[in-house]
Structures are given as C-alpha cells and as structure tokens.
Amino acid sequence: MDAVIENFPVFLGGFWATIRLLVLSGAGAIVLGVIIAAMRISPVGAFRAFATVYTEILRNIPLTLVLFFCAFLLPYLEIKLDYFVLAVIGLTAYTSPFIAEAIRSGINGVSIGQAEAARAIGLDFAQTLRLVVMPQGIRMVIPPLLNVIIALTKNTSVAGGFFVVELIASSRQVINLRGDAVIAILLAVAVFYLVITVPLGQVAARLERKVAVFR
Amino acid sequence: MTSVLFDVPGPKARLRSRIISIVGTIAIAVGLVVLVMVLAAPRTTAAGAVIPGMFDPIRWDIILDGRMWNAIIFRGLAATLRMAAAAAVLAILIGILFSFGRTARSRWIRVPVAVLLEFFRGMPVLLLMFFTLLVFGTGQYWAGVAGLAVYNGAIIGEALRSGIQSLPRGQRESGLAIGLTPVQTRMMIEFPQAFRQMLPIIIAQLVVLLKDTSLAFIIGYQELINIGVRQLQNTYGNRYFFTLFFVVLVVYLTVNLLLSWLARIIARRTSGGYVSRWRRKETDPGLAVVRAPDAGMGGGMSGTGGGGPA
C-alpha cells in the first residue's frame with residue numbers, strides 16, 4: 001500500500017494521460033463516426049460503399065495492429081508526430097466505426113411507423129426528422145454510444161504498450177521501483193479504471209431502462 | 001432510393017442527387033489515388049539516401065517466399081489461434097459459472113459474484129494479463145489465456161444470464177414440476193435455450209477474443225504480430241516492414257471476416273427460431289450485438305455486423 005501512496009503522483013500523471021486519451025479520441029471518434037454513419041445511410045452509392053468498407057476493415061483488425069501502425073509505420077513513412085498524438089489518431093480511427101454502428105442501430109431502432117405517421121399527418125421531411133424521428137433516435141443512440149465510450153476507456157490501455165505513458169505504462173514504472181508491491185500497484189490501477197467505467201456504466205444502464213419503457 | 005421520410009424526388013432533386021453522387025465518387029477516388037501515389041513515391045532522407053517507394057518490387061518479392069508464409073501461418077497465426085481456442089473454451093465455462101452465481105438463490109453468493117463480474121468487466125484485458133503474468137508468474141501464454149478467459153467469461157456470463165431471464169417462467173416451472181432438480185432444469189431446459197438465444201452475442205464476443213489475443217503482443221507473447229512484423233523484419237530486413245505489416249493485416253482480416261460471416265449466418269438462423277418469438281427485439285442480431293454490454297468492443301472490438309438498413 002505504501003508503494004501506491006509514495007508514487008501517487010506517478011499514478012495521477014498516468015490517470016491524467018488516460019483521461020486525455022479518452023476525451024480526445026472519444027471526441028474525434030464521435031465526429032468521424034457521425035460522418036461515417038451519415039455516409040452509410042446516404043443515398044449516394046459511393047459514400048455507402050466507402051463507409052461499409054471502412055467499417056468492415058477497421059472492425060476486423062485488432063486495435064494492437066492499428067496502434068502498431070501508428071507508432072511504428074507512420075514514423076517509418078516519415079510522418080513525425082508525438083506518440084501521444086499518434087495514439088489519439090489510432091484510437092480515433094479504431095473507435096469511429098463502432099460509434100457509427102451504434103448511431104445506425106439507434107436510428108434503425110425508431111420504428112418505421114413513426115415516420116409513416118408523421119408523413120401521414122402532413123409533416124414535411126425536416127419536420128418529420130426534427131419532431132418525430134430524431135428525438136427518439138437520439139434517446140436510442142445514447143446507451144450504445146456510452147457502451148462504446150466505456151470500451152474506449154479500457155482500450156486506451158493498449159496505448160501504454162506503444163510509448164504513451166498512461167495508467168498501465170506508469171504502473172509498470174512504479175513496479176520497476178517496487179517489485180515487492182505488485183498486487184497493490186495493479187489493484188490501484190484497477191480502481192482508477194473503475195472510477196471512469198463504473199459511473200459511465202450506471203448512466204448507460206439507467207438510460208437503457210428509460211428507453212426500454214417506450215420501446 | 002425511396003423513403004417514407006420524403007416525397008418521390010422530382011427532376012430537379014434527381015439531378016441534384018446525381019451531381020452529388022458523381023462529385024462524391026470522384027472525391028473518394030481522388031483521395032485513394034493520392035494516398036497510393038504518396039505511398040509509391042520514393043523518398044530522400046536527410047542524409048541524402050533515396051528510399052524506394054512502398055510499392056517498389058524490391059519490397060514485395062517476399063510475397064512469393066514460402067518460408068515467410070510458413071512463419072506467418074504455422075508460427076504466428078497458429079500461436080494466435082492456440083491462445084484464442086484455449087481462452088474461448090475457458091471463457092464459456094467461466095461464463096456458465098458466472099451465470100449460475102449471478103442467479104443463485106442465496107444473496108451471499110449472488111452479490112459477491114455480481115461485484116466480481118462488474119470488476120472484471122470494467123478492467124482492461126491488458127491489466128488482467130499483466131496481473132496474471134506478474135503475480136502468478138505464469139509465462140506469457142497462460143497470462144494471455146487467463147486474462148482473456150476471465151474478461152470474456154464475465155461478458156458471456158452476463159449474456160447467458162439475460163438469456164435465462166428472458167425465458168418465460170413456465171420453462172423453469174415445468175422442469176421442476178416433472179421432478180427435475182433445479183440444477184437439472186438449468187442444464188437441460190434453460191441453458192440450451194439461453195445459449196441459442198445468445199449465440200450471436202457469444203460468437204461476436206469470440207471474434208473480439210480472437211482479436212484481443214494480439215494484446216499478448218504487448219506482454220511479449222510470440223503471436224501473429226510479433227512473429228509477422230517483428231521477427232520476420234529482423235530476418236528479412238527493414239525494407240520489408242511495410243509489406244510484412246500488410247501481410248499480417250490481410251491474415252487478420254481474412255480470419256475475422258470469415259468468423260463474422262459465420263456469426264451472421266448463425267444469427268440469422270437462430271433469430272427465426274421458436275425462442276425469439278418471445279423477445280424478438282432483443283434477438284434482432286444487429287441490435288442485440290450492438291446493444292450488448294461493451295458493444296462487443298471489449299479490449300478490442302467485434303466484427304459482427306450491426307443490423308443493416310432494410
């Protein structure tokens with residue numbers, strides 16, 4: 001336990017890096033994900049095909065390989081960026097298709113009858129979307145979106161294997177100093193992750209229940 | 001493409017949409033061509049040496065080298081599959097145990113199991129691997145297997161539990177009524193239905209598990225990435241870095257797309273079954289997978305398709 005208290009600043013540094021990874025790549029992935037989702041449901045065939053291929057490729061390769069690409073291959077291709085920035089790029093790219101799918105699943109969750117009814121009472125395209133489909137769609141989208149963000153929180157740990165000093169990597173530094181206190185150190189790291197994931201999970205579960213009422 | 005959202009487009013709207021689609025197609029094509037040209041262009045380093053482009057033949061001749069494929073398939077991929085297979089079997093067993101614990105009558109079992117489950121689900125798989133490696137000193141293979149089995153076991157356990165809970169009460173009651181013990185009822189009546197209902201989620205999770213074996217690369221296990229990109233680069237030389245990466249990428253894509261395709265077929269089969277009639281919404285394969293805890297992302301993410309637009 002004393003090993004954790006002595007090195008608390010190191011953990012805090014790692015925790016802060018994890019939070020920054022999470023927020024930056026989360027925001028990036030949401031922006032990119034919305035674009036991909038829009039392309040995926042757009043009437044333009046080329047957009048649909050591109051979004052489908054992008055989604056299928058990125059979802060079927062491991063995150064480790066994506067970050068390996070960012071950490072080793074991009075510098076090899078003469079793209080010199082800070083490892084932190086490279087990790088954010090990798091996590092953003094990897095997470096975006098999952099965000100896109102979550103959005104798509106939520107929007108598909110709004111039953112077609114709702115749109116039909118809106119059209120039947122004479123609402124135009126914009127009104128149907130703004131007054132009937134979107135309010136329900138957004139509520140449907142938020143729980144799966146939060147699930148993706150929770151998974152992203154855990155995925156930031158992979159960046160620790162590629163020169164980014166986040167929680168996992170900083171715990172390894174502390175373990176090198178205090179090999180006798182491995183269990184305490186790793187449990188402390190676990191608690192840091194739970195501080196992020198458990199509240200997010202609670203919110204997701206509560207919203208899920210709320211959504212379930214009107215489904 | 002007609003939609004209930006808007007009227008049938010007139011000539012003006014049709015022209016506009018045609019222009020957008022042509023411009024969009026050209027934009028994407030130009031983007032791809034630029035990317036390929038940038039990669040293909042030779043580079044001059046600061047020291048004045050010229051590095052050949054990424055598609056230069058001298059970088060790609062190992063594609064025809066059988067020894068390279070031997071190492072990729074029989075050492076790299078084999079090590080990855082070995083870890084995935086062991087972890088998958090253990091994860092399903094652990095999942096069954098977890099679902100038993102989570103639905104136990106006694107609060108003294110149910111509550112601690114629920115806490116443990118939440119704990120494991122909230123952990124990065126990598127941390128679980130490190131824990132096993134450093135605390136139990138198991139070696140990289142078993143550290144990887146243990147981390148993957150516990151984490152995915154927790155997720156499969158939750159899936160099985162929700163599958164059991166979604167069964168009508170009568171299923172269990174009739175089992176007990178014909179004289180089966182509660183354990184027999186669970187094994188012979190509830191689990192077979194829960195498994196069937198949750199099969200899409202379980203398979204999606206196994207795809208995640210397979211992808212996550214690559215996390216063991218970070219703790220030093222000699223799997224596909226380690227052997228394919230690290231080791232072979234040492235053997236063949238730095239100029240094959242890009243090629244080897246590409247080969248590993250293609251191997252992962254092939255294996256995972258095959259598994260995802262299988263998952264989709266199974267999902268379609270099971271969703272038409274008698275079980276799903278009670279909860280059709282939940283067993284819609286796309287929605288079920290995306291809405292599952294962790295969205296099939298785990299420490300990596302799922303390859304199964306979300307529900308496509310009709």
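Reminder, nothing fancy here: chain letters follow the sequence lines and each chain counts from 1.
Within the 4.5 Å cutoff, the side chain of B/Gln140 has no heavy atoms near those of the B/Asn226 side chain.
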Practice task
Quick one: do A/Glu116 and A/Arg119 satisfy salt bridge (Lys or Arg N to Asp or Glu O under 4.0 Å)? Show the steps, please.
Solution key: CA-CA 5 Å; A/Glu116 280 168 356; A/Arg119 290 285 293 157; over 6 Å; no

Practice task
Check the pair B/Met129 / B/Leu148 against side-chain contact (heavy atoms from CB on, under 4.5 Å), numbers first and verdict last.
Solution key: CA-CA 8 Å; B/Met129 287 185 182; B/Leu148 289 170; 3.8 Å; yes

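With a 4.5 Å cut-off on non-hydrogen atoms, B/Ile225 touches chain A through its side chain but not through its backbone. There is no contact between B/Ile22 and chain A, counting heavy-atom distances below 4.5 Å. In this structure, the portion of B/Phe245 lying under 4.5 Å from any heavy atom of chain A is its side chain and not its backbone. In this structure, the portions of A/Thr64 lying under 4.5 Å from any heavy atom of chain B include both its backbone and its side chain. Heavy-atom distances place both the backbone and the side chain of A/Phe72 under 4.5 Å from chain B. In this structure, chain A has heavy atoms under 4.5 Å from both the backbone and the side chain of B/Leu253. In this structure, the portion of B/Val229 lying under 4.5 Å from any heavy atom of chain A is its side chain and not its backbone. When heavy atoms are compared at a cutoff of 4.5 Å, B/Phe217 approaches chain A solely by way of its side chain, counted from C-beta outward. Interface residue A/Leu186: backbone and side-chain heavy atoms are both found under 4.5 Å from chain B.
Between atom CG of residue A/Leu152 and atom CG of residue A/Leu21 there is a gap of 8.5 Å, rounded to the nearest 0.5 Å. To the nearest 0.5 Å, atoms OG (A/Ser171) and CG (A/Leu187) are separated by 11.5 Å. Atom CD in B/Gln222 sits 10.5 Å away from atom OG1 in B/Thr80 (nearest 0.5 Å). Atom-to-atom distance recorded for A/Ile57:CD1 and A/Thr52:OG1 is 11.0 Å, nearest 0.5 angstrom.
Ranked by heavy-atom pairs under 4.5 Å with chain B, the list A/Tyr193, A/Phe50, A/Tyr76 is led by A/Tyr76. Interface summary for chain A: among B/Phe242, B/Phe241, B/Phe131, the most heavy-atom pairs under 4.5 angstrom belong to B/Phe241. Options A/Leu73, A/Leu194, A/Leu167, A/Val198 differ in how many heavy-atom pairs under 4.5 Å they form with chain B, and the most are formed by A/Leu73. Counting heavy-atom pairs closer than 4.5 Å to chain A, the top residue among B/Leu210, B/Leu39, B/Val248, B/Asn238 is B/Asn238. Ranking B/Leu134, B/Leu128, B/Leu127 against chain A, the residue ahead of the rest is B/Leu127, based on heavy-atom pairs under 4.5 Å. Comparing B/Leu249, B/Ile20, B/Thr213, B/Leu32 by how many heavy-atom pairs each has under 4.5 Å with chain A, the most go to B/Leu249.
Between the side chain of B/Tyr221 and the main chain of B/Ala79, a donor-acceptor pair closer than 3.5 Å is present. B/Arg59 places a side-chain N or O within donor-acceptor distance of the main-chain N or O of B/Gly53, the cut-off being under 3.5 Å. For A/Glu56 (side chain) and A/Val53 (main-chain N/O), no donor-acceptor pair under 3.5 Å exists by modelled atom type. Not one N or O on the side chain of B/Glu158 forms a donor-acceptor pair closer than 3.5 Å with the backbone of B/Ala154. For the pair A/Gln202 (side chain) and A/Ala205 (backbone), a donor-acceptor distance under 3.5 Å is absent.
Residues of residues 173-182 of chain A having a heavy atom under 4.5 Å from any heavy atom of chain B, listed by number: A/Ile175, A/Val182.
For the pair A/Arg40 and A/Glu101, the salt-bridge criterion is met [side-chain N within less than 4.0 Å of a carboxylate O].
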